[in-house]
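Taking it in order: structure first as structure tokens, then the write-up.
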Amino acid sequence: MRPPAMLRWAAAALAALLAFAPPSAAFYLPGVAPNDFQKKDQLLVKVNKLTSTKTQLPYSYYSLPFCKPDKIVDSAENLGEVLRGDRIENSPYVFEMREPKMCQIVCRASIDDKQAKELKEKIEDEYRVNMILDNLPLVVPITRQDRDAVVYQGGYHVGVKGQYAGNKEEKSFIHNHLTFLVKYHKDETSELSRIVGFEVKPFSINHQFEGAWNDKNTRLITCDPHASKLVTNSDTPQEVEGGKEIIFTYDVGFEESEVKWASRWDTYLLMTDDQIHWFSIVNSLMIVLFLSGMVAMIMLRTLYRDISRYNQLETEEEAQEETGWKLVHGDVFRPPANSDLLCVCVGTGVQFFGMLLVTMIFAVLGFLSPSNRGGLMTAMLLTWVLMGLFAGYASSRLYKMFKGSEWKSITLRTAFLFPGIAFGIFFILNALIWGEKSSGAVPFTTMFALVLLWFGISVPLVFVGSYLGFKQPAIEAPVKTNKIPRQVPEQAWYMNPAFTILIGGILPFGAVFIELFFILTSIWLHQFYYIFGFLFLVFIILIVTCAEISIVLCYFQLCSEDYTWWWRSYLTSGSSAIYLFLYAGFYFFTKLQITKLVSGILYFGYMLLASFAFCVLTGTIGFAACFWFTRLIYSSVKID
């Protein structure tokens with residue numbers, strides 16, 4: 001198949017994928033599409049997945065014996081939402097705008113022993129119920145005594161564990177009464193209002209009623225607005241026990257707010273219990289910048305002196321006494337061992353770099369707001385697929401420089417090596433999630449869409465990129481390579497490859513480890529992350545740090561007359577992934593409360609995949625910097 005035909009096939013596959021995608025009412029840009037409500041307009045509350053930081057396994061809301069509407073309707077979800085485990089459905093909770101209601105009965109549910117066991121397990125694992133109103137997630141306001149401030153927790157707990165007075169036996173109690181508060185901003189010139197807040201206070205109460213049960217017209221003794229009897233505490237809680245009936249009720253109140261619609265997400269973006277340690281982060285970045293500046297200054301002064309000295313060698317006797325990095329000029333561009341694998345790794349790294357750069361630019365511009373659930377993951381997947389063009393181009397250009405001739409072989413390996421490993425790990429982890437009957441398990445249709453993205457778009461684009469790259473003239477080395485490789489002299493202990501590689505990864509990891517803490521917190525503790533501007537700055541710092549540490553150690557290596565720099569330049573900065581994985585282990589044991597084996601396997605499986613990706617990215621940055629550096633210095637001196 002010729003490359004133009006491949007390109008047409010990729011375009012057709014993308015069109016087919018978009019055709020199968022769920023229809024969207026309009027393009028949504030944060031801050032541009034508010035919904036206006038008049039008084040008594042219907043407000044539909046949607047339910048999302050049940051989440052727990054202790055298990056990391058999401059479940060569908062209706063997997064527990066909660067009240068159901070007449071017909072459960074799934075909301076259209078994008079690819080990112082499905083991969084996140086979101087399951088957004090309608091609910092029996094229906095409000096009317098600015099119409100407070102008290103003691104509204106949702107339903108009376110009778111639970112059997114199996115359902116009681118499931119409820120107790122979810123309460124034990126501290127699962128939270130997530131709801132959505134007008135695209136705003138539900139939060140629970142919590143007053144912190146030490147700061148005299150209100151912080152917000154995403155979703156409310158299914159229930160709590162406690163003891164009856166005078167009894168040491170611990171029981172499980174369900175939150176069956178919800179007191180909702182809808183905050184709205186009213187337009188000064190009209191009666192229209194916009195929702196700017198959605199809060200809840202959950203209570204557990206053992207409801208009692210008069211006479212015979214008559215669905216929603218039954219009058220409750222424990223919650224009666226006519227008798228000024230409202231639920232304000234959980235003094236008489238509803239115990240979870242098989243064979244018992246649970247009455248679910250709710251109140252809804254409305255409160256006018258000064259917060260404008262464009263600022264309504266500020267509450268959610270400041271949900272963490274602790275303020276972000278800006279000083280610590282900036283201080284860390286300043287140290288990295290300072291070290292990088294020193295390294296750059298030393299390198300420029302030392303190199304300038306070397307090049308001047310080498311170019312002043314005039315006599316034949318002086319020329320024969322070459323030392324340092326000039327001595328290995330005839331071997332420095334000799335193709336390394338496993339050069340094909342290096343080409344594949346560099347091509348994959350270019351693909352990662354392009355994906356992160358484009359995604360972060362869109363995130364900084366506000367296109368990937370948290371209000372656009374799943375948008376970030378969807379954007380990353382689509383960008384990764386489209387960047388296959390550059391992956392193929394980079395790998396084939398390097399492959400041709402190494403005198404390779406089988407460009408189709410290197411193309412296939414570039415298209416399948418990393419995605420194949422990632423898909424294999426993902427498939428195994430997804431099978432474990434299926435075994436737990438979690439809603440986080442990716443359905444077959446989504447798995448098919450991922451395979452279609454891979455084989456239908458990414459692979460053809462890698463082939464097109466490789467074809468274009470291989471048609472270009474081969475990259476010429478600035479010096480000729482000797483036919484017979486020279487022997488590498490015995491190196492000092494501190495120039496041992498393993499030692500320099502491990503030392504080289506410390507500085508790049510130091511540039512990102514504080515920011516890494518907040519990223520891990522947002523992923524595993526289910527908090528919002530939206531400081532993409534700062535993340536972009538950290539990304540730039542990471543690039544500079546990887547490049548400079550690789551160049552410095554490469555220079556020292558060449559000065560020691562060791563010309564095998566290709567793989568070492570890649571692994572020097574790529575070794576930062578080792579520290580990332582070790583830090584992930586430290587975070588697991590110090591910050592998370594995961595107890596289930598499957599949840600632990602999921603955590604370390606995904607972090608292993610993330611560390612592998614980080615190695616490919618940072619390794620490629622270090623390699624590219626060293627490649628530029630060696631070409632620069634050897635083209636700057638006179639070689640006889």
Side-chain angles (χ1 to χ4, degrees), residues 281 283-296 298-299 336 338 341-342 344-346 348-353 356 418 421 491-520 535 537-560 562 564-588 604 606-630:
I281 298 173
N283 183 54
S284 174
L285 292 176
M286 291 306 294
I287 291 173
V288 171
L289 281 172
F290 176 70
L291 290 174
S292 300
M294 284 185 60
V295 164
I298 292 169
M299 288 301 304
N338 299 312
L341 181 60
L342 181 64
V344 172
C345 292
V346 170
T348 306
V350 169
Q351 191 172 6
F352 259 113
F353 182 83
L356 287 176
F418 181 84
I421 294 172
Q491 301 292 303
W493 67 268
Y494 51 83
M495 291 306 297
N496 182 277
F499 181 77
T500 55
I501 286 170
L502 289 174
I503 290 296
I506 294 175
L507 200 57
F509 174 74
V512 300
F513 88 96
I514 294 181
E515 194 63 22
L516 182 64
F517 170 81
F518 296 107
I519 294 173
L520 291 178
L535 182 62
L537 174 63
V538 172
F539 183 58
I540 299 299
I541 296 294
L542 176 66
I543 294 171
V544 173
T545 310
C546 287
E548 291 192 341
I549 194 66
S550 298
I551 287 173
V552 169
L553 293 178
C554 179
Y555 173 73
F556 290 153
Q557 180 186 349
L558 293 176
C559 286
S560 300
D562 183 356
T564 56
W565 64 273
W566 297 94
W567 272 110
R568 204 188 293 194
S569 67
Y570 190 94
L571 296 174
T572 294
S573 51
S575 66
S576 56
I578 297 173
Y579 300 101
L580 188 150
F581 189 74
L582 291 175
Y583 181 78
F586 171 79
Y587 186 88
F588 178 85
F604 283 105
Y606 283 125
M607 290 312 301
L608 178 65
L609 194 56
S611 300
F612 182 28
F614 192 71
C615 174
V616 171
L617 171 69
T618 53
T620 299
I621 294 170
F623 172 83
C626 287
F627 185 64
W628 167 82
F629 171 74
T630 50

Side-chain donor-acceptor pairs of residues 497-508 under 3.5 Å, sequence neighbours excluded:
residue	atom	partner	partner atom	Å
Thr500	OG1	Asn496	O	3.3
Thr500	OG1	Pro497	O	3.1

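One finds the CD1 atom of Ile540 at 11.0 Å from the OG1 atom of Thr545 (value rounded to the nearest 0.5 Å). In this structure, OH in Tyr555 is found 7.0 Å from CZ in Phe629, a value given to the nearest 0.5 Å. Atom OH of residue Tyr583 and atom OG of residue Ser611 lie 13.0 Å apart, to the nearest 0.5 angstrom. One finds the CG atom of Leu553 at 8.5 Å from the SG atom of Cys626 (value rounded to the nearest 0.5 Å). Thr572 contributes atom OG1, which lies 11.5 Å from atom CD1 of Ile551 (distance to the nearest 0.5 angstrom). Phe623 CZ to Trp567 CH2: the interatomic distance, rounded to the nearest 0.5 Å, is 9.5 Å.
Remark: Leu356 engages Met360, Met380, Phe539, Leu617 in a side-chain contact (heavy atoms from CB on, under 4.5 Å) (not counting sequence neighbours). With sequence neighbours left out, Phe418 forms a ring-ring contact (aromatic ring centres under 6.0 Å, His included) with Phe352, Trp384, Phe612. In this view, Tyr587 and Phe517, Leu520, Thr521, Leu525, Lys591, Leu592, Tyr603 satisfy the side-chain contact (heavy atoms from CB on, under 4.5 Å) rule, not counting sequence neighbours.
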Check against side-chain contact (heavy atoms from CB on, under 4.5 Å), Tyr570 and Val616:
CA-CA 9 Å; Tyr570 190 94; Val616 171; 3.8 Å; yes
Would you sort out whether Val512 and Ile519 count as a side-chain contact (heavy atoms from CB on, under 4.5 Å), showing the intermediate values?
CA-CA 10 Å; Val512 300; Ile519 294 173; over 6 Å; no
Is there a side-chain contact (heavy atoms from CB on, under 4.5 Å) between Leu542 and Phe614 once you walk through the steps?
CA-CA 11 Å; Leu542 176 66; Phe614 192 71; 3.8 Å; yes
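Within the structure, salt bridge (charged side-chain N to carboxylate O under 4.0 Å, His left out) contacts touching residues 564-585 (residues at least two apart or in different chains) are Asp562-Arg568. Residue pairs meeting the salt bridge (charged side-chain N to carboxylate O under 4.0 Å, His left out) criterion with at least one member in residues 549-559, sequence neighbours excluded, do not occur.
Not one N or O on the side chain of Ser569 forms a donor-acceptor pair closer than 3.5 Å with the backbone of Ser550. The closest donor-acceptor contact from the side chain of Thr618 to the backbone of Ser573 lies under 3.5 Å.
Contact record, Ala547 with Ile621: N-CG2, 4.2 Å, taken as the closest heavy-atom pair. In this structure, Gly349 and Thr620 approach most closely via the heavy-atom pair CA-OG1, 3.1 Å.
Between Tyr579 and Phe513, the closest side-chain pair of non-hydrogen atoms is not below 4.5 Å.
The aromatic rings of Trp565 and Phe627 lie parallel to each other, their planes meeting at an angle below 30°, with 60° marking the opposite boundary.
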